[in-house]
Amino acid sequence: MPNKRKAVTAVAAVLALGATTSFSGAAGAVAPQGLFTDRGDVKFLPQPLKDRLAVLAGRPTTFEPMTAFSEAPTPSQLFQYYLLDTKNFQPNVFTTTIPGINDGVAPTATGPNHDIPTIGGIRVVVEPKPGLPIDPNDPGSFVDMFTDISGLFVINNESGWYEGWMIHDVTVPDVAAPRKDGHAAFGKITAADAVALAKMGDYHNKPGAVFTTDGKAPHEPSANDHWPDKVSNLVPVQLSLGAYNATQQSDLHSYWELNQYTNWTPPTYELPFTGGLPGTFEKGKIGALSSIVPGSGPSGVKNKPQVDGDNPNIPRDPDRLLNTSPDDPDRPMPNNDDHKEKRLRFIPSGLSNEVLLDVYVRTASFEPYVYDLSQRIFDAYAAEVARVDANHDGIVDAVEADLEGTSDGGQSNDRLYLPATAYNRVAVTREINDGLLSPRFAPSQRAWVLSGDINRVSPSVPASVPQDGDNR
């Protein structure tokens, strides 16, 4: 009889390499990797991304990395990507066996297929659709995101899932004249704010720099972190890439669209209740406040469940925001603002950024004598929502935040959305149904299972095969 131990060892070695061979068919036949890398949506990609996708394709998989179809007459253009792994954050119970905590039980997220590294890649392309912006720096552009991950166990229990998050690290704005009430203008700080920032740490927080909570050089998440005394000093805006689950072979693939209808972030006022701010757990505050009924939080408008809750006769549908043109022969539907979902719990990403500027950066122009972090978050959320909330119901709806519209004294609503290029990091978390929309333990990294930094591609490169039929 063959030596099974040697056979398993040989298979493990091939799995770890993964970049040179691929398995197909019941007999495990080996096929040349070039067949994959010559695929139309792969062959023009930057070499590091192409290599990562080739590794994923070369492992035993349920599906190869997703095929990217064009959604316009010309190819989609790759302008950035992220390479994901488990190396750059503090090891946790989802990724690592920690003696005394989870030894002796099956791994939760990582470690399948003889402990091959859990890795992934995210391709970010712009759709060059006629009539739409093709500059990815324009928040009105339509962007496709293709996520492929190898080595995450399928989740079965308690409504669990993985979730991807695009992350924008809050940046110190330029100085400008304040509003009449003394508050900083949108996307700016006052001269007094700049003076206060200069007194922090090593005077890192100058206009244009990534903001740090201690005024020192940026400290991105690291494997050497230790919660809660040695952690990142960045302030993240986190945008969901949707829920994930794995297939057989611990293989995961997800497609997501970024545009003005999806570029909305969880309510910032949830942060003091997720467990990711030091002291939250010890004070018994995890889950103490829910955002099930939309509103502007503890310092803002509180709505009645009978009015703005999830009515079983008219279930909430946050995806019911899309404008449809009556002149489009493929979608001859009226653009009916009255029928768009009004009971939204999220707010546009640029407005979330504005809230966090108030909380952390505008210490002179926003509530200079309020030092409690949670209270600053509650007050800033209510204040910034109110500037866009035309009907004063505490909810920012699709019409109030329409990219083509204006708000707060005639300012363009373009400002309410961060462009795709502003999201400089990505993370994947292990979620569980805790009733909160924010990432589990946000803004900490305690539930992360993968992460990666942005890689920009300039000029962009073709990254799709010809059109399919899903051209919304």
Side-chain angles (χ1 to χ4, degrees), residues 132-133 135-143 165-171 173-174 176 179 183-189 211 235-241 257-271 291 294-297 300-301 318-323 335 337 340-362 366 377 379-424 437-438:
L132 286 178
D135 180 0
N137 295 294
D138 188 324
S141 62
F142 273 46
V143 170
W165 300 93
M166 297 182 74
I167 299 173
H168 165 71
D169 291 316
V170 169
T171 301
D174 291 333
R179 301 168 184 260
H183 188 279
F186 191 100
K188 306 294 182 181
I189 57 173
F211 175 78
V235 176
V237 176
Q238 294 178 289
L239 171 70
S240 174
L241 288 171
E257 298 175 334
L258 174 66
N259 51 55
Q260 66 162 305
Y261 312 109
T262 63
N263 198 351
W264 293 59
T265 47
T268 320
Y269 69 78
E270 280 191 351
L271 290 177
S291 62
S296 49
V301 177
D319 288 334
R320 204 170 69 216
L321 303 186
L322 186 65
N323 283 315
N335 182 13
D337 286 344
K340 293 175 183 176
E341 183 59 76
K342 302 293 194 296
R343 299 160 295 176
L344 301 176
R345 295 185 278 171
F346 284 19
I347 60 173
S349 58
L351 196 58
S352 281
N353 186 69
E354 195 72 5
V355 172
L356 294 176
L357 288 175
D358 284 348
V359 174
Y360 289 95
V361 185
R362 296 169 176 153
F366 183 79
I377 292 173
D379 295 350
Y381 190 87
E384 297 302 340
V385 166
R387 296 186 191 280
V388 182
D389 175 22
N391 64 353
H392 312 297
D393 64 355
I395 304 170
V396 178
D397 65 40
V399 178
E400 293 167 335
D402 192 315
L403 195 74
E404 305 300 325
T406 61
S407 54
D408 192 17
Q411 298 182 74
S412 170
N413 281 348
D414 272 19
R415 77 191 195 285
L416 299 180
Y417 299 91
L418 295 172
T421 51
Y423 294 99
N424 53 294
L437 296 173
S438 295

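Just so it is clear, the values below take in all heavy atoms, side chains as well, and ignore hydrogens, waters and symmetry mates.
For the pair K340 and D397, the minimum side-chain heavy-atom distance is 4.5 Å or more. The shortest side-chain heavy-atom distance between I167 and V237 does not fall under the 4.5 Å cut-off. The closest side-chain heavy-atom distance from S407 to R415 is below 4.5 Å. Between L357 and V170, the closest side-chain pair of non-hydrogen atoms falls below 4.5 Å. Looking at P267 and L437, their side chains come closer than 4.5 Å, going by heavy atoms from C-beta outward. Between D389 and I395, the closest side-chain pair of non-hydrogen atoms is not below 4.5 Å. A 4.5 Å side-chain heavy-atom check between Y381 and I347 finds at least one atom pair inside the cut-off. Taking the side chain as every heavy atom from C-beta outward, D174 and I189 never approach each other to under 4.5 Å.
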Trace of the side-chain contact (heavy atoms from CB on, under 4.5 Å) decision for E404 with N413: CA-CA 7 Å; E404 305 300 325; N413 281 348; over 6 Å; no
From CA spacing to verdict: side-chain contact (heavy atoms from CB on, under 4.5 Å), L416, Q260: CA-CA 9 Å; L416 299 180; Q260 66 162 305; over 6 Å; no
side-chain contact (heavy atoms from CB on, under 4.5 Å) assessment of F211 paired with T171: CA-CA 5 Å; F211 175 78; T171 301; over 6 Å; no
Test side-chain contact (heavy atoms from CB on, under 4.5 Å) applied to Y261 and F142, step by step: CA-CA 10 Å; Y261 312 109; F142 273 46; 4.0 Å; yes
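Each of T265, T262, N263 was evaluated against S349; a single residue qualifies, N263, per the side-chain hydrogen bond (donor to acceptor under 3.5 Å, both in side chains) test.
Closest approach of E384 and L351 over heavy atoms only: O-CD1, 3.8 Å. Residues W264 and V396 come closest through the heavy atom pair CZ3-O, 3.4 Å. In plain terms, the two heavy atoms of D358 and A380 that are nearest each other are CB-CB, 3.6 Å. Between N137 and P139 the shortest heavy-atom distance is O-CD, 3.6 Å. Across all their heavy atoms, D169 and N424 have their closest contact at OD2-ND2, 2.7 Å. What you find for A401 and P348 is that their closest heavy atoms are CB-CG, 3.9 Å.
Judged by distance alone, the side chain of E257 and the main-chain N or O of V143 form no donor-acceptor pair under 3.5 Å. At least one donor-acceptor pair under 3.5 Å links the side chain of S296 to the backbone N or O of V301.
The existence of a salt bridge linking D408 and R179 is confirmed by a sub-4.0 Å separation between a basic side-chain nitrogen and an acidic carboxylate oxygen.
Partners of S438 by side-chain hydrogen bond (donor to acceptor under 3.5 Å, both in side chains), not counting sequence neighbours, listed by chain and number: E270. Evaluation of the side-chain contact (heavy atoms from CB on, under 4.5 Å) rule for R320 yields D317, E341 as partners, not counting sequence neighbours. Residues satisfying the side-chain hydrogen bond (donor to acceptor under 3.5 Å, both in side chains) criterion with E400, sequence neighbours excluded, are absent altogether.
Separating the CZ atom in F186 from the CD atom in Q411 is a distance of 7.5 Å, to the nearest 0.5 Å. Atoms CG and CG, from N259 and L403 in turn, are 10.0 Å apart once rounded to the nearest 0.5 Å. Here the straight-line distance linking atom OG of S352 with atom OH of Y417 works out to 11.5 Å at 0.5 Å rounding.
Taking the six-membered ring for Trp and thresholds of 30 and 60 degrees, F366 and H183 have ring planes more than 60 degrees apart, a perpendicular arrangement.
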